[in-house]
Amino acid sequence: MTIQTFDHTRTLARELAARVLARIERQPALVLGLPTGRTPLPFYEALREQTRVRGTRWADVRTFNLDEFVGLPPDHPGRYRAYMERELFQAVGVSAERAGFLDGNAPDLEAECRRYERAIADAGGIDVMVLGIGANGHIGFNEPGDGLMAFTHRAQLQPATRLANASLFGGDVEQVPHEALSMGMTTILRARAIVLMATGEEKADAVARMLGGPVTTKLPASFLQLHPEVTVLLDPAASPR
Ligand code: GLP
């Protein structure tokens, strides 16, 4: 794994945005895997700004979001689809047909997970998968436990993860769904390149274990040690001491 530490989250976000846009300019039909959460917000802001300045064309880019809540109404602002529209897609011009999402309202959720795996394969696989990390070491909604799911699946959210998502629900953890659909570990590890961003002190322990601990289902992000092309971008607070 390549580890890069930046003096400020904004510097980190700008650098990653510049790398992603340069890649899109070289490879206009890039397939991107994208995360939600608080960590990527400065990255999406930098993508919006730099896209405007550079005039980068997103028309042929395809995206697949990592995960989505189960059971939220289509117009609910807490849906990750709504987050992505707000934070990135409207500003840079990623149309609904080119933005892959799991549908947490699909009548058959297992079939929906299979559809997503096929859609990613039909797009030629993910070129660059951008990830955040939960304070408990989760990636996507692959939570720590006795086992991990390989492919896109239905996931039960742990209390800490629901709490971490409460800001999307007006700060009310009771409103956060108990279930989500998520890419699995193999779905993520099949990406050709992976970039993980971690900022803030509350991520330092998970980052240290991800980088230096054993590969274990108790810390799903540790599986990234098995991938040949992972870059970890950190701010000083999240860096191992
Ligand atoms: C959420 C998302 C993850 C994200 C993580 C960290 O539960 N499903 O994809 O990486 O939590 O979120 P944050 O960046 O807000 O700390």
Side-chain angles (χ1 to χ4, degrees), residues 6 9-10 12-13 16 32-47 63-72 76-84 86-88 99-102 104 113 116 126 128-145 148-149 152-173 175-185 187-189 191 194-207 209-210 219-224 230-235 237-239:
F6 295 83
T9 54
R10 203 162 284 277
L12 183 165
L16 179 57
L32 272 176
L34 294 173
T36 49
R38 282 157 300 178
T39 311
L41 289 173
F43 166 57
Y44 292 142
E45 184 185 351
L47 279 177
T63 66
F64 288 95
N65 261 78
L66 265 173
D67 44 19
E68 181 60 282
F69 293 111
V70 165
L72 293 180
H76 196 291
R79 289 174 87 200
Y80 284 163
R81 181 189 281 274
Y83 168 111
M84 291 306 301
R86 278 195 307 270
E87 300 299 334
L88 186 67
F101 280 98
L102 282 152
C113 293
Y116 208 56
I126 294 170
V128 181
M129 178 87 235
V130 182
L131 296 175
I133 181 171
N136 65 1
H138 75 238
I139 49 177
F141 277 129
N142 296 279
E143 296 274 37
L148 291 166
M149 298 298 283
T152 302
H153 61 283
R154 196 168 173 169
Q156 304 293 319
L157 305 187
Q158 295 183 0
T161 299
R162 292 180 64 231
L163 196 57
N165 278 276
S167 62
L168 285 170
F169 296 83
D172 182 2
V173 67
Q175 304 298 316
V176 182
H178 288 265
E179 280 191 306
L181 303 181
S182 176
M183 286 185 193
M185 298 303 292
T187 326
I188 293 169
L189 290 168
I194 298 177
V195 182
L196 183 140
M197 284 181 281
T199 57
E201 210 184 335
E202 72 276 15
K203 302 292 170 68
D205 177 57
V207 168
R209 291 166 62 207
M210 165 181 78
L219 194 99
S222 65
F223 277 73
L224 298 179
V230 177
T231 308
V232 178
L233 306 180
L234 303 171
D235 72 353
S239 300

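First listed ligand is number 1; within each ligand, the first listed atom is number 1. Bear in mind that the values here come from a model prediction, so they are computed numbers and not experimental data.
A salt bridge links Glu179 and Arg154; the closest N-O separation between the charged side-chain nitrogens and carboxylate oxygens is under 4.0 Å.
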Report every pair formed by an N or O atom of ligand 1 and a protein N or O atom separated by less than 3.5 Å, giving atom names and the distance to 0.1 Å.
| from | atom 1 | to | atom 2 | distance (Å) |
| --- | --- | --- | --- | --- |
| ligand 1 | 7 (O) | His138 | NE2 | 3.2 |
| ligand 1 | 7 (O) | Asn165 | ND2 | 2.9 |
| ligand 1 | 8 (N) | Asp67 | OD2 | 2.8 |
| ligand 1 | 8 (N) | Gly140 | O | 3.3 |
| ligand 1 | 11 (O) | His138 | NE2 | 3.2 |
| ligand 1 | 14 (O) | Arg38 | N | 3.3 |
| ligand 1 | 14 (O) | Thr39 | N | 3.0 |
| ligand 1 | 14 (O) | Thr39 | OG1 | 2.5 |
| ligand 1 | 15 (O) | Arg38 | N | 2.7 |
| ligand 1 | 15 (O) | Arg38 | NE | 3.1 |
| ligand 1 | 15 (O) | Arg38 | NH2 | 3.4 |
| ligand 1 | 16 (O) | Lys203 | NZ | 2.6 |

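In terms of modelled atom types and a separation under 3.5 Å, the side chain of Asn65 and the main chain of Asp67 share no donor-acceptor contact.
Phe64 and Tyr116 have their aromatic ring centers within a separation under 6.0 angstrom. For His76 and Phe69, the ring centers sit 6.0 Å or farther from each other.
When each of Leu196, Leu12, Thr39 is paired with Leu233, the side-chain contact (heavy atoms from CB on, under 4.5 Å) condition holds for Leu12 and for no other.
Ring pair Tyr80/Tyr83 is perpendicular by interplanar angle, where above 60° counts as perpendicular and below 30° as parallel.
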